[in-house]
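Working notes, beginning with the structure itself.
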Amino acid sequence: MFRRRFRACRCVTCITPNHDIPYGVNEGNDFCQQELDPKQNPVAHCWSEQTHHKRKFCNVCRKRLEDSSLSSHCEICEYFVHAECQDFALADCKENATYLPGKELSLVHHEHHWREGNLPNGSKCAACKKVCGSFECLSGFRCEWCGLTSHAVCRKTVSSLYPECQFGNLQPIYLPPHAVSIPRTEVPMEAIIGVQVRRKETLSPRSTSEEFSSGECKYRENEDYVHSREKKDKEDRDEECIKVYDGNNSIKRRIFRTITVSRLATTEHILTQALRAFHITKDPSSFYLTDLYATNEMLLSDPSPVQSLTRREGKRPAVFLRFHDSNSGEVRVYPGKLQVSQPFCTIQVNAESTITDLIREALIKFGLENLRPEDFRLSEILLDRGVTERVLGREEKPWDIMKALSKDSIRQMELMRFYLQMKEDPHGPNLALFVGNLPPSLSQKTYETILIDFLGRENKFSSIGPIYYEYGSMVITYADAKKAVRALYTLRESSYEEKQLLVMLLPNIEPRMVPGGVKPLLVFVNVKSGGCQGLELITSFRKLLNPYQVFDLDNGGPLPGLYVFRHIKDYKILVCGGDGTIGWVLQCLDNVGQDSECSSPPCAIVPLGTGNDLARVLRWGPGYTGGEDPLNLLRDVIDAEEIRLDRWTVVFHPEDKGGEDKATQHNSTGCRKRKVTTTVNSEFCLSLQTRTIKIDRTSIHKPLSLPRSSRGNKIKLISSTSEEVSSVMVMNNYFGIGIDADLCLDFHNAREENPNKFNSRLHNKSVYVKMGLRKMVGRKMCKDLQREIRLEVDGKLVDLPPVEGIIILNILSWGSGANPWGVEKEEQFQKPNHWDGMLEVVGVTGVVHLGQIQSGMRSAMRIAQGGHIKIHIHADMPVQVDGEPWVQAPCDVVVLKSALKATMLKKMKGKMKRRNTEPFMQQGAVGQGAAALSIPVVTETTDNVNHNNEF
C-alpha cells in the first residue's frame, strides 16, 4: 500500500512549528496553520470534556490523537485538539448568529467555513472528484456548513465553482445564521445553547500565559528539576533547554514554555524560537530577550548568549520575552459586522491618541466618513482560550492598552484585536430570559414577587410573559443588557423550595430572514430516554445544524425552543425520545399554540425509548441503535410526509362519596399529567376563555377541547353541591385498565427506586419479563375485571367477557411493537387506523395472554370499536395512559375525541433500511391498516382517501 512521506515544516509565518507536511509540497497556506482569517469574526469553541478520540488529528499540532492521551473536540464544529494544544486553538468556530438589522435577505451572501482534516471516510473532492482526506495526516478541507470537501490545492477551484454556501442537502430544514441574533454580552455560547460546562476552571477568567499550563513537568516551576538522564542526553547533543516567560503574569504564576537550542545559537535564533513557542507572528525586531535569573535582568546579547545565561542549582536557565517600549506604533482595527470590503485597517497611534481618535480614523479608512463617530464604539477582543470582549471608554488610550498587555503577556497582546461596532445591538433592545423550576399554578403577582426578592428592585425586569403556569416557568424581558446578565447569574445561583432555578438566555429569530421554501427544524433531544443515546445525537445535530435550533430537554423542557420559534410561520419538529417525550412535546404545543404563528408543526421522531410504539407506526423504527448516520436521519425528516394523528381526551371523574376522599392517585410523572380542579354536578359547564360549553355526563358526543388560556390547563367547573377533583389527560397511543397497567406500574416504581439501572432497552424489557413471571404466581389483583367495570361504547352498554385487563387503542402498536387487534378481518368491525376518529377496545385474559400477544402467537379479544367510550370503575384499579401508570380510585372515565390536533411526519416507505419483524410492520398487517399511511393533506376531508396496501 502506498504511504506518503512527510517532513517538518519550516514556514516562517506558520503558528504551528515543525509540523508534518508531505515531501514535494512547499510551505504555505495550504498545509500551514496561519492566524485567524482577518475577514472572519472570532468565535470561541465550545469544548467537550477531555476524552479519547480514535483516528483523529489535532488541528493545532497536526499530530494524531493517540488513544492513550486525552483530547477535546468542539461541540459545534469539527475541531479536535490535544489537551496541551487547546490553549493554541484558533477561535474560528462557526458563527451561527449573524443577523444584521436593515439588511435584506436578497443581499445576504453566505461564505463557506472551511475546516482542515478529519474528513468523513470516502470523501471526494468537489473539484477533481478524487478521494480526499487521509488517515495518515491532517489533510483535505470540508465546509462546516454544507459539507463540501476538497483537496488543499483544489480549495480555490471549489470556492470559485461554489462561491456561495447553500447548506448542502440540509438546506430545507437549516436555520440560516443570518436569521438568528444573540445578545451582545459576555455570556458564553455554552450558556445560550445549553451545553453543560463541567470543568469548573473554565468559569473563571485566566490569562493566556496561565492557560499554557498543560500539566506536564516541563511547564511548571515546582517540577523544574532536570532529570539526570535528560541532562546527560542534552549534553551529548550539545543542546540547552531554556525556559521562556512571556510576561509578568507568567512570572507570578510560574508558568512558562520551553525551547531547545544549540549551545552555540545566536540571540536572533533564540528569539525566533521563543516567539514560535508562544505562537507570536509579529516582527521579531519589536521584541528582545533578557536573562531572568541575572541580578538586574540583563539583556541577552551575542556572541555567546546561551553560555552567558545565569544558572541556578538544579534548574534550567530562563529568559524573559519583552516588547520594545516606544511612544508610538500601529494598531489594527477590524470592522466586525460592518458592511465594508476591507478585512481590517492599520492606524498609527501615539501616547496621546484616544479611542475617539481611533474610531474617527477607522471610519475614514473604511470609507464611512459620512457616519457619526458618536454612533460607534470600540471593543477590545481577547482571543484567550475563547473570546473575551471589553467595551473601551472614549478617553482610553489604545497605545497604553497595547503596552500594558505586552507587560502582562506577549501572547495576550498577540491575541488582542480592536473591533469597531455600532452602539446599537443587532439583537435589539429586548433580552429574554427563560426561568423555570418555580412552583406551578401560582398567580402572576406571586411569581413577580418571588423573582424580585431574588433580583432586587435595581435588577427588576421590564416585562414578564408568557407565563406557563402548569410548569412553573416563564419568560422575563430586559431592555438593559447589563441588568439581564446580572439577573442571569443571580438567578442561576438561587433556589426556591430547595429546587435550583433554571435560567437560560434565549436567542432571537427574525422570520423575514428565513428563505422561502425553508422549514427550519426544531430539534428536541431527551438525553435520558431509553438507552441514554441522546448525548451522542445532540452533539451530532449541533454540528450538522445551527446549534440554536437544537435544544436539550433536560434544560427547561420544550418550552424554550417553542418560544424561540414562535414567530416562524412554517417549521418542523424532531423529537428524540420515547413515547412519553413525544407526548410531552405535543402537550407543550397545546399550551403555546395560540401564541405562535405555527400552531401545529409536523413532528418527526428518533425513537430513544423502550417501547417506541408511535415511532414504529410512523415507520421511524423500533429504536435508535447508534449505528445510523445522523445525517441520514435528517434527510429522512426532509423526505417524510405529513399525516394526522387523532388525539383523545380522557376524563377521570371520581365517585361522590359524600365528602369522603378515597381518590388517592399515584401518578408516575406528575409533571405531565393534566390536573383539572372541578366542581361537578349531573350537568356541568366548561368555561373556555369567553365561551361556555355544556356537557351532559350521560351522553357526551362533542369533542372536548382543553383550554389554552394564559392560566395553562387549570379550569374550574361550577357546581352548587359538592366539590370534587377530576383529572383530564390527553391520550395519543393507548389507555389500559387492569393487568397491563399493573405491570407498567410495577416497572415505573422499580425505575423510580433505581433510575441509574434503567439505561438500556434490553435491561428494561428483561425487567418487564421478570415482573410478568412474578404476576403469574402471585396474587391476581385484576382477576374478574369484568365484574369491576362497566363499559359503554357510543352510548351502548357492552357485555365484557372474562378478562383481567382491557386496552383502548388509538394506534395499532402496543408493548414494543405488538398488535393486539390482530390482522384478521371481521365484518362487524371497520379497518382501523389512527386518523379515522375511532378507538379499538380489546381484552386480555392474563399475563400468559399478554406474552402471547407480544410474541405474535395470538391477538387480544376484540370487544368493541367506537368514537366515544365511557367506563365506570367500581374499585381501586391500576390504569395507564400512554405508559403513565397509577392506581385509580372508583370513578367514571370518559374517553372522547379531543379538539387538539397533532400533525406527524411519517417516514417514506422506501427509506426503511432495517428489516422489521414486528407483526404490524409485516405485509400481512396491511388489511388492518396497522400503521400511519401516506396522506399529504391533514384536514378532516381526508378520511375517505384510500389508504390500503401502504406496506
Side-chain angles (χ1 to χ4, degrees), residues 523-541 552-554 573-586 603-637 640 645 732-734 740 743-744 747-748 751 755-770 772 811-820 834 853-856 882-884 904-909 911-922 925 930-932 951:
V523 181
F524 292 120
V525 182
N526 189 345
V527 296
K528 296 181 179 179
S529 283
C532 295
Q533 297 161 320
L535 285 175
E536 300 175 6
L537 273 178
I538 199 169
T539 299
S540 298
F541 287 147
D552 184 354
L553 290 177
D554 210 23
I573 293 178
L574 176 62
V575 182
C576 305
D579 289 340
T581 305
I582 300 162
W584 186 15
V585 173
L586 293 178
C603 300
I605 304 170
V606 175
L608 299 182
T610 302
N612 304 312
D613 290 297
L614 184 56
R616 294 168 188 262
V617 166
L618 299 177
R619 293 205 191 113
W620 295 105
Y624 177 76
T625 62
E628 297 92 335
D629 185 355
L631 179 59
N632 289 334
L633 294 177
L634 296 177
R635 288 171 176 166
D636 291 342
V637 173
L645 173 70
N732 301 313
N733 298 353
Y734 36 70
D740 78 304
L743 281 171
C744 188
F747 175 83
H748 166 74
R751 183 165 56 182
N756 295 331
K757 292 183 178 180
F758 291 79
N759 55 6
S760 162
R761 291 192 192 96
L762 184 61
H763 172 76
N764 295 353
K765 292 180 180 180
S766 67
V767 172
Y768 265 114
V769 173
K770 293 176 184 178
I811 62 174
L812 295 186
S813 178
W814 166 90
S816 299
N819 181 5
H834 53 265
I853 296 173
Q854 289 274 4
S855 62
D882 288 345
E884 294 187 27
M904 307 301 294
L905 287 172
K906 181 180 177 183
K907 189 176 180 180
M908 293 290 287
K909 183 178 179 181
K911 296 289 182 179
M912 188 72 74
K913 292 181 173 58
R914 296 188 302 275
R915 179 177 179 268
N916 291 279
T917 57
E918 291 78 11
F920 77 96
M921 297 296 288
Q922 295 173 2
F951 289 123

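Heads up: numbering here begins at 1 and tracks the sequence. Worth saying up front: this structure is predicted, and the values here are computed from it rather than measured.
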| said: Under the criterion side-chain contact (heavy atoms from CB on, under 4.5 Å), I'd like the reasoning laid out for Phe524 against Ile573: C-alpha separation, chi angles, the key distance, then a yes or no. | reply: CA-CA 8 Å; Phe524 292 120; Ile573 293 178; 3.9 Å; yes

| said: Apply side-chain contact (heavy atoms from CB on, under 4.5 Å) to residues Val525 and Val606 and explain how you reach the verdict. | reply: CA-CA 9 Å; Val525 182; Val606 175; over 6 Å; no

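When the side-chain hydrogen bond (donor to acceptor under 3.5 Å, both in side chains) test is applied to Thr539, the partners found at least two apart in sequence or on another chain are Glu75.
Between the side chain of Trp814 and the main chain of Asn733, no donor-acceptor pair closer than 3.5 Å is present. For the pair Arg616 (side chain) and Gly611 (backbone), a donor-acceptor distance under 3.5 Å is present. Remark: the backbone N or O of Asn732 is paired with a side-chain donor or acceptor of Asp882 at under 3.5 angstrom.
Looking at heavy atoms from C-beta onward, Trp620 lies out of side-chain contact with Asn612 at the 4.5 angstrom threshold. In this structure the side chain of Val575 never reaches within 4.5 angstrom of the side chain of Trp584, judged on heavy atoms.
Between atom CG of residue Leu586 and atom OG1 of residue Thr581 there is a gap of 11.0 Å, rounded to the nearest 0.5 Å. Between the NZ atom in Lys907 and the CG atom in Leu618 there is a gap of 11.5 Å [rounded to 0.5 Å]. To the nearest 0.5 Å, the span separating CD1 on Ile605 from CZ on Arg619 amounts to 13.5 Å. Here the CG-CG distance, from Leu574 to Leu905, works out to 9.0 Å after rounding to the nearest 0.5 Å. Annotation: the span from Leu537 atom CG to Glu628 atom CD amounts to 9.0 Å, rounded to 0.5 Å. Here Leu614 contributes atom CG and Cys603 contributes atom SG; the two are 9.5 Å apart, rounded to the nearest 0.5 Å.
Judged by distance alone, the side chains of Tyr734 and Asp613 do bring a donor and an acceptor atom under 3.5 Å apart.
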